Structure formats: C-alpha cells, structure tokens
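Naming: A, B, ... by sequence-line order, numbering from 1 per chain. Quantities reported herein were computed from a predicted structural model and do not represent experimental measurements.
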Protein chains: 4
Amino acid sequence: MANISFFGLGKMGAPMARNLVKAGHQLTVFDPFPKALQAFKQKEVDIADSPIAAIENAEFVISMLPNGAHVVALYAGDDKQEGITPHLQENTLIIDCSTVDVGSVKTVFNFARDRNIAMLDAPVSGGVAAAQGGSLTFMCGASETNFARAKSVLSDMGKNVLRAGNTGAGQIAKMCNNMLLAIHMAGTAEALKLGVNNGLDANVLSQIMLQSSGCNWSLEKYNPAPGVMENAPAACDYQPGFTVELMLKDLGLAMENSIQSKSAIPMGALVRNLYSCHGLQKSDNNQLDFSSIWQMY
Amino acid sequence: MANISFFGLGKMGAPMARNLVKAGHQLTVFDPFPKALQAFKQKEVDIADSPIAAIENAEFVISMLPNGAHVVALYAGDDKQEGITPHLQENTLIIDCSTVDVGSVKTVFNFARDRNIAMLDAPVSGGVAAAQGGSLTFMCGASETNFARAKSVLSDMGKNVLRAGNTGAGQIAKMCNNMLLAIHMAGTAEALKLGVNNGLDANVLSQIMLQSSGCNWSLEKYNPAPGVMENAPAACDYQPGFTVELMLKDLGLAMENSIQSKSAIPMGALVRNLYSCHGLQKSDNNQLDFSSIWQMY
Amino acid sequence: MANISFFGLGKMGAPMARNLVKAGHQLTVFDPFPKALQAFKQKEVDIADSPIAAIENAEFVISMLPNGAHVVALYAGDDKQEGITPHLQENTLIIDCSTVDVGSVKTVFNFARDRNIAMLDAPVSGGVAAAQGGSLTFMCGASETNFARAKSVLSDMGKNVLRAGNTGAGQIAKMCNNMLLAIHMAGTAEALKLGVNNGLDANVLSQIMLQSSGCNWSLEKYNPAPGVMENAPAACDYQPGFTVELMLKDLGLAMENSIQSKSAIPMGALVRNLYSCHGLQKSDNNQLDFSSIWQMY
Amino acid sequence: MANISFFGLGKMGAPMARNLVKAGHQLTVFDPFPKALQAFKQKEVDIADSPIAAIENAEFVISMLPNGAHVVALYAGDDKQEGITPHLQENTLIIDCSTVDVGSVKTVFNFARDRNIAMLDAPVSGGVAAAQGGSLTFMCGASETNFARAKSVLSDMGKNVLRAGNTGAGQIAKMCNNMLLAIHMAGTAEALKLGVNNGLDANVLSQIMLQSSGCNWSLEKYNPAPGVMENAPAACDYQPGFTVELMLKDLGLAMENSIQSKSAIPMGALVRNLYSCHGLQKSDNNQLDFSSIWQMY
C-alpha cells in the first residue's frame, strides 16, 4: 500500500479517492473548496490545509482537476500560487487524471522532468457511475516503467488501465474516443428519431440495431430516446451523467487539435456545432446530459 | 420443409439460397442472368426458365434484388414483363429481402393484397460473409402472423429474425441502421486518423476505444485503418465487403425519406456527401469497401 | 397584347397577374379557392368558374402553383380532375412559373407535346416584393423559339427573363440558385453572429463585409441580423418574405436531385438540415422568413 | 508625407510598400530574407540591415507578416530577438496589417501601451491583385484617433479603410469576412456543379445566378468553374490568387475563436473540413487557389 496525495474532490475525484482508501492506501487530500474537503472527511484520511502540506511523504500525487490551467498552476505554479513539484521528494510519481490539452501536459511534464520528477497523463473514460463503481478506463501517456508503476494504484480505481503511448498520448486517446462518442451519440439519436418519424417504436428499433451493424456504446449503454432504457439519463429528463458543457469542452479540444495536427474532422466538427446550437437554444441545456442532443431532432 | 421459389442469385442471394437448400427446403430458382443461374446449378435445385415457371407450387417466394424497380416489376409487372403475383396460389407468402424504398414495398404489398396474397419486407444486415455463414439479421415489416410464418424459413438463413413493425417497417429499420453504420464508420476513421496524426498507433488506439465509450460495430468488426485487423477489407486494399456504391444507395434512401418524413439528419446527410466526394475523387472508389472512407482523411 | 389564361392567385400569382393586366393583356383567371378569386376581382379581368372555362381563346396559359402534383393535375389531369391540355387550341403556349421537380415538368412537357402543345418551365426568383414590383427574374427551360415567344409576356412581370437551357433547365437553375441562397444566408448569419459574439456591431461588420469579399445578396438585400436593415424581415420579427417552409421545399428538391444526379452537396445538405432543426425547435418557425435562421446561432 | 518603416516584403507586403513609395512617403524597409530585400531595391527606399536600424525616425511602423508569432517577435521580442517597440520614438504609430489571432494583437497592443506607443490591427481583404492595384480594403481595430491617423497612410494602399471597432476588431472582421467568403465559394462551386451535372452550362447558370438571389462575390469576381471567367484562377489551373493553405489558416482562426467565444459555426466548420480534405487528397492542392475547391465536387 502507498502514501498517496490526492488533489481535486469533485464529482469524479471524490469517488476515485474513496476507492483508493477502500483499497488500503494512505491518503492525504486537498481541494481549494472547503466544502468539498468537508464533504469528503472520513476517519482514515488526512485533510491538508494547503497543496504543499498535502504532499509530505507522498509516493504518488494524483490529480483530477477541471482544466489545463488548474493542472499547470498546481504543479508548476502561476502568478497566484507556487507549484508543488519542487517540493516533492525524489521518486514521487505524478499522475494527472484530468482531461486537458496536450500543451498543458507537456508543460507540466517538462517542468517536472527538469526537477527529476516523473509525470504521466491518465485521463479517464466512464463518467461518475464508473468512478463510483471502480470501473473506469484509464488512458495513459507514459514510459513503460512509469506506466507499470502507475498501474499498481490506478487498478484500484478502474478495471482497464491502458497505455496509449508516451507523454500526452493519454489525452490524445481520450480526445479521439470522446469525439467518436459524440458522433455516434448524435448518430444514434438521429437514426432513432428517423425511425420514430416513420412510425417505428424507439425500443423495437433499438433492439434491432443492437443486433445489427449499427450497434454502438451510445445505443447499448446510454440510449438517448426517452422510454427505452430505465437507468439512462433520457429516463430522468436528461439529468447528467456527462453534461453537454463537458462534451463541448472535449470537442473543443478536438477541434483545436485538428487545426494544429492538420487533420480533417468533418463529422467531429459538425457534431461539435450541433452541440453548440443545442446549448444556444436554451442555456440550461448545457447542464443536461449529452444524450439530450435527442432534443435537436 | 417447404417449397420455395427464390429470385435473385447475386452475391447475397446465391449463398442465402444455398443455405435454404442445406436446411432441406425444395428450391426452384430464377435469375435474369443465365450466368448466375448456371453458376448456381446443383443437384437438388430446379432451375426455372421464366419467373412464372419458377413459382409453380411455391409456398414461399423469396426475392433478393438490386432495387425497388426490379421488385415492383417482378411482383406487379412493368411495361416489359408481367408480374408473378396473379399466378401465385392462395396462401403463398411473398418475402422480399431486397433493400428498397418504402414506396416500392407498399406498391407490391397493395397489389398483392388486392389479389389475396400476403407480402412482407425483410431486408438484411450483415453482408456477404453473414449471408454465407447463415448469420444474417432480418428486419421484417409484417403482421404478427405473417412474421411467424416467414420466421420459419428466414431462420435457416440468419441468426436474428426480428419484427420491426408492419409493412415497410423492415426497410425503415434497415435504412436507420445503415445510416447509423455509415456515421460511426466515418467517425471511427476520423477518430483513428486524428490519433495517428498525433503519433498514436492505430492498433493501440483501437484497443483502447474498444474498451471505452467510443466502442462501436465498425471499430469492433470492420476496422477501417489498414494493419489493425487481419480479415477486414482494410487489410486487402478495401476489397468489399459492402461497397461505397451500395452505401450511397442506402444513404440516398435515408435522405429521400428524411424529406418526406420531415426529419433532420445532419450527420447522415454529411456522411452521405463525404461518400459522394469520395466516389467522385476516383470512380473506382465506388467499388471499394465502404470502410475506404479512411482515404478521405 | 395577348389573351392570357392565368392559374393560381396566391401571394406570388396575384401580383404577377395584376402586372399583366396593367400591361394591357386580356386575362381570364382561375384558382380553386373562391376566396382568392374573389380577392382578385377587378373590372378588366374575367373570372372563370372552372379550369376548362378559363382557357377559351387563350394564346398563353400561365400557372403559379404550389407543387408538382398540382401542376401535373392541371395540365395532364389526375384521378380527381381532367387535364386542360387536350382542350387548348393549337399554338397556345404553356408557361409554368411554379417551382417544382424536373420530373413533373417532363411529365407535363411530354403530355403536351403528344398533343402538339408547347410548354416551358419558367420559375422565378425575387419573392413577393419583386412579384409586386414587376422585377422578378424568370429562369426558363425552353427552345429558343418558345423562349422568345414567352419572353414577350414574361417581360411584363419581371426585369430579367433568362434562358437556362431546354425543358426542365429553368427548374434546375432555380434549384441551384436557391440552394446557394440558403448557403450564403446561413453563412451570413453565422459570420455576423461570430462577430457580435466578439464584441463587434452587426451593422458595422455588415458595412465592412459589403465592401469586401464576403459580399453577397443576403448581406446586401436581406440582412438577417435584427436592427441592421429597416425593411428586411429581421426588422419585423421575421415576417416573410420567403418562409422557412418554402426554403425547405426548395432544399428538398436539391437533395433529391443530388441523389439522382450523383452530385455531392455537403454545404447544401447541411444547410437543409439546419433549416430542419430550426423548424423542429418550434413549429411556428416554419412560417417565419428564412432569414430567421439567425435564431439558430 | 511621412517617414514609414515597413516590415515584410512578401507577395502582399512588397506591392503595398511600393504604393506607399509612389504616394511620396519616405520608406525604410526590412525583411529577414535577403532575397526579398534585394528584389525590392529601388532608388528612393532605404534598406535596413536589422529591425532596429529600420525604425530610426519612423512616424509609422507598418508590418505585413505571416503569423502571430512573427508579429509578437518583431514588436515585443522572443528568445531569438529583441522587440523593436522599446526603441520607437514617442508618437510612432504601429500598424500591423498581418492576419493573426486576436491574442497576438492584444499581446503587442499591451506591450506597446505599457511603453506609451499606440498600435492598431489593420488586416486586409482583396489579395495580391488588390495589393498591386492599391485597392485593398483595410479592416481596422483602433480608437477613433488612431484610426484617423492610420487612415492617412492606409489610403495610399487601399480604397476602403474601415474601422471595425477597438483593438483586435480588425482581425475579428477579417476572420468573419473570410469565413463567409469560404462558405459562399464552396456553395458557389457546389451549386454550379449541381447545375452542370444536370446538363446546364456553367457560364449560363452563372449569368442567371448573378442576376438572382444567389449572387455573391465568388460568383461575380472569382468564378470557380473553369471556362467561365477569363481572368480567374480557374482559367489557369487554379494558380493563386489566394491559396488553399492561407484559407485553411483563416478558417483555423475562426474555428479556434468559435470555441473561445462559444459561437456555433456549423457552415464554417464544414467548409474548413472540406478544405482540409481537399488539401489531404494531394499535398499540391494546398498551393492552389482556394477556388480549386471546385475539384471536390
């Protein structure tokens, strides 16, 4: 069992950290929101009152933060705070599980490397339910050695710990995956609605497509048509799940990356803009689950 | 076992008919191309020399034809040939497995109903490999009674025989399914290429997405990136499989239907036009497998 | 001056017919809606009580009807009415100004030709304002001879009478023109809104683009941003003008044609689906002017 | 007449500078490429051997550079060179005519303001021909005062000098304009090809749409169909003109901006990706004129 310093106790981070505790690790946690810290309190866990206080004795630092600027600030500092990296003991491994742009990953990686600290990106797939159930997929950008070391703790939070390549590759894999997810979610909504407009029952059509070549994760796990799946967000007015706003963030990363990498992403760019239009119709839509794209059709 | 009259011995029809023979049915077959008839010859099968000669004693008529005009001509006639329906004995069930527009289905259905003959649409999903292996999915538009009767023979050609609804519903289900297939195929190609352009290995990225929310049939059964899957069309210069031309036909049906049914299909319309552009780049592309959309990226 | 039989006294047809009267022609008019006929009444005009009564002595028959089925029914008949063509005197020229599919044009053309009657398609561009002002553009599909004859009367309703080619070419030209119009209208709305979202004034940005390479008819005559143009539909809650519903009809013709002619129309197909989504957001939107696509952004 | 320091003697910058000389201004020029400097040599012009040498006595500094990084490096410096701004005399006005992202404009603006130097963005529309003919459109982001001062010299290089708003607004206006340009160029190609595929003559259809609501700058000044316009790039194998590569750059700026400004740009994003696909088909395509998008259809 390891000494782990954990940063970011939001909707994803809190259940992830709890699974580490459950597995027997010794955690020290920090979050800038006192409320999040308070809510997390439990016997075996140390609550730190500053980032630097949180890392004493840490063998692993794990972070789950909202965006690249937060990640860079935590590890390398910004004009408001000092970065924690120079205070880490040798051999500490930084594992950032946030979903951010590759540029931010490289900034932290280089900053850490210059101080002899190893760092890897390990964004996740699966959402809140998988974070709670310990069944997340981790997509890692790391050397073989660092990947092996990280896997020993990531396995306690997820059922698939995969190496996508070197530094930044985890973010790329996640970006590609989520773009594809958005595409088949919109496609699934579109196909189901086309069927319904022609008199078919959404449930019957879903069953047929699940056994045919139209089968995909959105149809199988997250059907966007109300009334088909009991536990899907579509069954409860599209309460998330994974919000439109977060999907827009991921699709924005893909669009920006496509410009830098000179990639053509016509389907990805269209679905991004359908989500934009959806969000613009009513600002509340941004807080709905991303399967609410159904409402555009 | 039944007396079955089978029309259309092309790439799909021939192996379907062979599976019926193998199951013990008595077949009489017809195809306007003498070469197709010749190629099909086998001991237990009667080769007819005209459509009307083919239907004597038929309990079931099954057809697998290229488009709606052929289907209407066979059953209801056109200015070149007489339709076979008026010559069918009472109680014969017409099962049309072709992929056609709903209008053609309804024309034949009404023509047959007026002559007390039942007809159902039962287009398939799965392609040549599934036709050969007897593992097709049939999507049927029929009353419960006719569906039950048809299922008894369709089961000998496929592993899933599903009822989508009443007359025409099979075509609608297939159209929706194939539009969704095209969308996630293009999306899969796009996501994999975006990863490759960022230094990821297509195989590694595929493995990751298969275990994540990007998972879909194209990625699992039909990976469009060369070098990932041994038996996929991508491994042999995109030899089909299911051609771009046939996918364009199905997407054309979806676009036409979307106008009549006042449905929005932005993703489906875009992927249709990406396939059009692909086919226009080089006319040979129309005969490649539809996973060759990879070459657009 | 000529004896003209005029069919269809709707928003477009009524002012067109009035301009013919003003130019000195002798008109006999018919419309299936008694209200439309009543509203049109004026001293010099004969009101007919049936289509066939309307064509006695006609040198020209001009029609302005909602769709292809109406046009075919009027000239060639359907199961509810007899067509007028067999009752026309030799030398009558049929000029159909409706916007319809090419198939309908060819049906009427062939039906008329078999009875020695000439027919041409002459759909218009310009909308209600141009119909009233006599400044329509006519796009004609006709032989040189028939075009010359038609021009003599069309000139009294429009300022541009152009020959696009032979039978059906007028409809093709209109379809292409209106698809392009929809594309630059949506593009103009999108560009203006992008500027506004970045703090620019829609009016200032419009003035700049009018003098730059972004210049187009939508920007110049029909600015979609409220507050820029006094007389545009945007100034009065998008009262039409040219409705979303009519634009959807024209874009539907383009989509159907693109399938038959194996053309790629990615921009046209997208804008069609943006209009579909717009119409689906609120059914009232279908009756707004097509510049209301602004509301999607 | 003024002392002007001019940076960037490329395809656009060189003819712009010549027009300033012709108008009687005293120019000192610099370009990092000795060849460009050599090619520019003419009696009345001083050639500087370093950026700082070029700005002695300058009342105006005008720059026309390839991207934001170059602009920031010139004025504010980077790790390879010192910025020139601290060496400018008070009252010098910086006019940057490059097309860059708003972030770069603001970086230079703030850097200059902190040193009491005024700066404005003034990107251009019109291309090489307009640069040579002195008929460019300048889109300026500046205070009223600085705009008035800049106009006195910009007028010697263009016929329209327009104020879009404050700092950065010139870039926004240009970005919006060029996105709209790309949209109607692709739309024009698509509409013309749809007509041609239906048997119409591209020239006839162009004449008709020029007099109808499809009219736009691409159709009027830059027809993409070969054989319609003698002096357009389409007449000479799409020799630019304005390259696909430059259009991709501008559309990339629009896509990035749309993410930051939370704007929906479905048409702009699609046309960007059509240009990407076009460039990916054959790498030479990137150096063709942007009207070569015709080849996609």
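B:L180 contributes atom CG, which lies 12.0 Å from atom CD1 of B:I265 (distance to the nearest 0.5 angstrom). How far CG of B:L120 is from OG of B:S143: 8.0 Å, rounded to the nearest 0.5 Å. Here B:S135 contributes atom OG and B:M157 contributes atom CE; the two are 12.5 Å apart, rounded to the nearest 0.5 Å. Atom NZ in A:K221 sits 15.0 Å away from atom OG in A:S291 (nearest 0.5 Å).
Of the two parts of A:V102, neither the backbone nor the side chain holds a non-hydrogen atom closer than 4.5 Å to a non-hydrogen atom of chain B. Interface remark: A:L194 contributes backbone and side-chain atoms alike to the contact with chain B (heavy atom separation under 4.5 Å). At a 4.5 Å heavy-atom cutoff, A:M185 makes no contact with chain B through either its backbone or its side chain. Using a 4.5 Å cut-off between heavy atoms, A:N166 makes no contact with chain B at all.
B:G170 and B:D121 make their closest contact through N-OD2, 3.0 Å (heavy atoms, listed as atom of the first residue, atom of the second, distance). Residues B:M139 and B:A173 approach most closely at SD-C, 3.8 Å, considering heavy atoms. Nearest approach of B:G10 to B:P15, heavy atoms of both residues: O-CD, 3.9 Å. A:S152 and A:D156 get closest at one heavy-atom pair: O-OD2, 3.7 Å.
Top candidate by heavy-atom pairs under 4.5 Å with chain A, chosen from B:G126, B:A189, B:S125, is B:S125. Chain A forms more heavy-atom pairs under 4.5 Å with one residue of B:L219, B:N257, B:L274 than with any other, namely B:N257. With chain B as the partner, the residue from A:A264, A:G268, A:P266, A:S218 showing the most heavy-atom pairs under 4.5 Å is A:P266. Of the listed residues (B:S263, B:S261, B:S212), the greatest number of heavy-atom pairs within a distance under 4.5 Å of chain A belongs to B:S212. Here A:N198 is the residue among A:T137, A:N198, A:N216 with the most heavy-atom pairs under 4.5 Å with chain B. Among B:E190, B:K174, B:M267, the residue making the largest number of heavy-atom pairs under 4.5 Å with chain A is B:E190. When each of B:L200, B:V124, B:L192 is scored by its heavy-atom pairs under 4.5 Å with chain A, the top score falls to B:L200. Ranked by heavy-atom pairs shorter than 4.5 Å toward chain B, the options A:V271, A:I208, A:L136 are led by A:I208. With chain B as the partner, the residue from A:A164, A:S258, A:G214, A:G195 showing the most heavy-atom pairs under 4.5 Å is A:G214. Listed options B:S213, B:G165, B:A191 were ranked by heavy-atom pairs under 4.5 angstrom with chain A; first place goes to B:S213. Ranking A:L270, A:V204, A:V196 against chain B, the residue ahead of the rest is A:L270, based on heavy-atom pairs under 4.5 Å.
Here B:Y222 and B:F290 bring their ring centres to under 6.0 angstrom of each other.
Residue A:K106 qualifies as open at atom NZ: its count of foreign heavy atoms under 6.0 Å is 12 or below.
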